[in-house]
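Proteins get letters first, then strands, A, B, ... in listed order; numbering begins at 1 in each. All of these numbers come straight from a predicted model, not from anything done at the bench.
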Protein chains: 2
Amino acid sequence: MTEMPSGGGMNERRRARLRLEISREAARLFWEQGVAATSGDQIAKAVGLSTRTIWRHFRNKESCAEPVVMQGVAGLLGMVRSWPRERSLEDHLAAELAGLGDKTPPVDLADQTLAMKMIRLADTEPALRSAWLMAYDQVERELCVISGDRLGHLGSDLEGRMHAAAATAVIRVLDEHLGAAVLTGADLSELADAEAVSRCFAHAIRVATGGALGDPID
Amino acid sequence: MTEMPSGGGMNERRRARLRLEISREAARLFWEQGVAATSGDQIAKAVGLSTRTIWRHFRNKESCAEPVVMQGVAGLLGMVRSWPRERSLEDHLAAELAGLGDKTPPVDLADQTLAMKMIRLADTEPALRSAWLMAYDQVERELCVISGDRLGHLGSDLEGRMHAAAATAVIRVLDEHLGAAVLTGADLSELADAEAVSRCFAHAIRVATGGALGDPID
DNA sequence: GACAGTGTGTCACTAAGAGACACCTTGGGT
DNA sequence: ACCCAAGGTGTCTCTTAGTGACACACTGTC
């Protein structure tokens, strides 16, 4: 009869951690040998679980890539989540970015490159492309809540959804662009200036939402 | 040694027609009994082909839904494709819509409702959601060419891609909204005024692209 | 009428993913 | 200390999504 709120919450996070763990191995294998050549058994063995358990946590093979993709945008998403209403997007991103160096664990860097490899693979593997899009679909839902909050539901719900969708779309395109740039190793110079990158994101979001997302509220 | 340009072109269109045919049956079955309960054999039998042939035309079961989804947006996409540079988006859509009643074959209406059923199903079936997103990913690529053409590659390629992505995103959200409205049968009144709908699309695209797509060129 | 090319059917096969059941943790109550 | 309920996992089994290989049918060309 007694609920266990801590147990439930713990389980959810435990589950998320496990999914990420599996996803890391899966993404690595996908990158090293391609999606088709990677079997569920192989993923299971790599992460030290039974194959059956893999399918308990992922609805199919491609979707094993989703958590690393989500992890790749988690940084930006976290920043947007903590965006206080009274600040402009540019100010907030700049501030977050300033205090980012110390609190970002090194593991995130590995995840970041893994996520970039996934989008690269998505160019040739339609299955991964759909996983990539599904991950951003998730981002869109989260952004929808945030934009709904900032717009205070003054506009229609539909309007909020469009803003969220447009913002997510430009974020995705920027991610694809940056990912490609990093992996080709072309010019890392444009990435070096983190503030320029954040300004780029902020500007893109502002444009895509017709200015609805960007300005401080009230 | 001799190419057959007519034959090749014919094949491509023949293939597209066949894919659509298969897709219609698949979508119908998906809607009637759910995706999981619909087998490849069943789709094959419904369309009068061997199962093997189904998998020659579609990489997996879910993607069987893509052609009807594409068909669902083909109307709008066609309009945007024929958008002359010297007209505004609003004017062009209104003009196209005026001369639309006569040239739209009735079969399109059935496809339209089928497409709407698919997005409805996508709410509960992640596999269909990814098919839906993949179809719009295709739309985005097409829009990318169009926007690149209209912007004359004056802006960066990246900018064109962001505009295309944002525009596609709002079109998708509007489609989802309209589809939901039609199927719930709530108020068809807001759909009755075709011109209002087209103005809605035009406005959304204009906003999402920061005005980059909408105005006449030069 | 022989020919190339392309699309389809049939058969055999691999692997994705689910169902059923037993086991083993964890954590809480007595 | 003991038991018990809940939920995650392994093992076994089975269905079916999806592929490879090969033969056959169709179509247009020389």
Q. Contact class for B:Ile54 (heavy atom, under 4.0 Å): base, sugar-phosphate, or nothing?
A. nothing

Q) In whole angstroms, how far is the C1' atom of D:dG8 from the CD1 atom of A:Ile22? A) 12 Å

Q | Nearest-Å distance for atom pair CG/C1', residues B:Leu18 and C:dG7 | A | 10 Å

Q: Ignoring backbone atoms, test whether B:His57 places a side-chain nitrogen or oxygen under 4.0 Å from the OP1 or OP2 oxygen of C:dG7.
A: no

Q: Report the distance from atom CZ of B:Arg14 to atom P of D:dT27, rounded to the nearest whole Å.
A: 8 Å

Q.
According to side-chain contact (heavy atoms from CB on, under 4.5 Å), who are the partners of A:Thr113, at least two apart in sequence or on a separate chain?
A. none

Q) Which residues pass the salt bridge (Lys or Arg N to Asp or Glu O under 4.0 Å) test with B:Glu62, sequence neighbours left out? A) none

Q.
Going by the rule salt bridge (Lys or Arg N to Asp or Glu O under 4.0 Å), which residues pair with B:Arg172 if we only count those two or more places apart in sequence or in a different chain?
A. A:Glu140, B:Glu176

Pull out every protein N or O sitting under 3.5 Å from an N or O of nucleotides 14-19 of chain C, one pair per line with the distance.
unit_1, atom_1, unit_2, atom_2, d
C:dA16, OP2, A:Gly40, N, 3.3
C:dG17, OP2, A:Lys61, N, 2.6
C:dG19, N7, A:Arg52, NE, 3.4
C:dG19, N7, A:Arg52, NH2, 3.1
C:dG19, O6, A:Arg52, NE, 3.0

Q) Listed by chain and number, what are the salt bridge (Lys or Arg N to Asp or Glu O under 4.0 Å) partners of A:Arg28, not counting sequence neighbours? A) A:Glu25, A:Glu32

Q: Just jot down the salt bridge (Lys or Arg N to Asp or Glu O under 4.0 Å) partners of A:Arg87, sequence neighbours excluded, or say none.
A: none

Q. So, are B:Asp123 and B:Arg129 salt-bridged, with charged N and O less than 4.0 Å apart?
A. no

Q. A:Arg17 has an atom CZ; how far is it from atom C1' of D:dG8, in whole Å?
A. 14 Å

Q: For B:Gln33 and D:dT16, give me the distance from atom CD to atom P, rounded to whole Å.
A: 13 Å

